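If you're wondering where the values come from, they're calculated on a predicted model, not measured in any experiment.
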Amino acid sequence: PLIMIYHGGYTAIEQPQIIEGKYAKDFGTGFYCTELKDQAIRWALRFETPVVSEYQLKIDKSLNMLEFNEMTEEWLEFIVTCRAGVPHTYDSVSGPMANDQIYNYIADYIQGVLTKEQFWVLAKFKHPTHQICFCTARALNQLTFIQSESHAR
């Protein structure tokens, strides 16, 4: 099946690459996209020159893919591990985002300020989020660049 996905940034990215960042992210190192165009636009609007790149995703079932359909205990523990800089062996990982507010709750949970039960009470999202991290070159090969569009700030 073909799915449209989006990347919000400061420039068009016709040839996505995996770039090591200095900060650990939710699902580790990779190229991040979303199925939610509005979310990609919000990501792009953080930059001086907001651009959303659009891709067609053709899923390769032979890849080692991890998918979280919702925030679960496993999702929480996976993010905690990835944000600690521990690598994993998945080609791609998808699921809800831990935005800055959620990450603050995760940090409080890690430090013992919040119990797991308190974390889940606070972790309710105001709007749905989605991210997919392409972690390997094989995973990036599933993407076909369609177009990019600039967005006014």
Apply side chain to side chain contact (heavy atoms under 4.5 Å, CB included) to residues Met65 and Ile59 and explain how you reach the verdict.
CA-CA 10 Å; Met65 298 179 284; Ile59 295 175; 3.7 Å; yes
For a side chain to side chain contact (heavy atoms under 4.5 Å, CB included) check, start with the C-alpha distance between Thr29 and Ile18, then their side-chain angles and the critical distance, and finish with the verdict.
CA-CA 7 Å; Thr29 298; Ile18 295 165; 3.7 Å; yes
Is there a side chain to side chain contact (heavy atoms under 4.5 Å, CB included) between Gln39 and Thr129 once you walk through the steps?
CA-CA 7 Å; Gln39 180 180 298; Thr129 60; 3.4 Å; yes
Step-by-step side chain to side chain contact (heavy atoms under 4.5 Å, CB included) determination, His130 to Ser94
CA-CA 7 Å; His130 172 267; Ser94 64; 4.1 Å; yes
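Cluster annotation: Leu36 is not connected to Trp43 through the hydrophobic network of ILVMFWY side chains, with a link wherever side-chain heavy atoms come within less than 4.5 Å. Under the 4.5 Å side-chain contact rule for hydrophobic residues, Val51 and Tyr32 do not share a cluster. Leu45 and Val52 fall within a single hydrophobic cluster, where Ile, Leu, Val, Met, Phe, Trp and Tyr are joined by side-chain heavy atoms under 4.5 Å apart, directly or via other members. When hydrophobic clusters are built by joining Ile, Leu, Val, Met, Phe, Trp and Tyr residues whose side-chain heavy atoms come closer than 4.5 Å, directly or via intermediates, Tyr6 is not grouped with Leu57. Residues Ile110 and Val86 are members of separate hydrophobic clusters, defined by side-chain heavy-atom contacts under 4.5 angstrom among Ile, Leu, Val, Met, Phe, Trp and Tyr.
Listed by chain and number, the residues in a side-chain hydrogen bond (donor to acceptor under 3.5 Å, both in side chains) with His151 are Glu149 (sequence neighbours excluded). Residues passing the salt bridge (charged side-chain N to carboxylate O under 4.0 Å, His left out) test with Glu77 are Lys116, sequence neighbours excluded.
Relative ring orientation between Tyr55 and Phe145 is described as perpendicular, the plane-to-plane angle rising above 60° on a 0-90° scale split at 30° and 60°.
Of the inter-residue distances, the one linking Thr81 atom OG1 with Asp26 atom CG reads 12.0 Å to the nearest 0.5 angstrom. Rounded to the nearest 0.5 Å, atoms CZ (Arg83) and CZ (Phe27) are 10.0 Å apart. One finds the CD atom of Glu35 at 7.0 Å from the CD1 atom of Ile132 (value rounded to the nearest 0.5 Å). Remark: Thr144 OG1 to Met4 CE distance equals 9.0 Å, nearest 0.5 Å.
Across every non-hydrogen atom of Trp120 and Glu73, the tightest pair is NE1-OE2, 2.9 Å. Contact detail for Ala12 and Ser148: the closest heavy-atom pair is CB-OG, 3.3 Å. In terms of heavy-atom proximity, Tyr105 sits nearest to Leu122 at CE1-O, 3.2 Å. Contact record, Gln131 with Pro96: NE2-O, 3.3 Å, taken as the closest heavy-atom pair. For Thr89 against Asn64, the heavy-atom pair with the smallest separation is O-ND2, 3.4 Å. Between Phe31 and Ile13, the shortest heavy-atom distance links the atoms CE1-CD1, 3.9 Å.
Judged as a side-chain hydrogen bond (donor to acceptor under 3.5 Å, both in side chains), the pairs with a partner in residues 132-142 (not counting sequence neighbours) are, in order, Ser62-Arg138, Asp91-Thr136.
Counting heavy-atom neighbours within 6.0 Å of Phe47 CZ, excluding the residue itself, gives a total above 12. Residue Gln15 places its CD atom among 12 or fewer non-hydrogen atoms of other residues, nucleotides or ligands, all under 6.0 Å distant.
For the pair Ile5 and Phe134, the minimum side-chain heavy-atom distance is below 4.5 Å. Using a 4.5 Å heavy-atom cutoff, the side chains of Leu76 and Ile106 are in contact. Side-chain atoms of Val93 and His88, non-hydrogen and from C-beta on, do get closer than 4.5 Å to each other.
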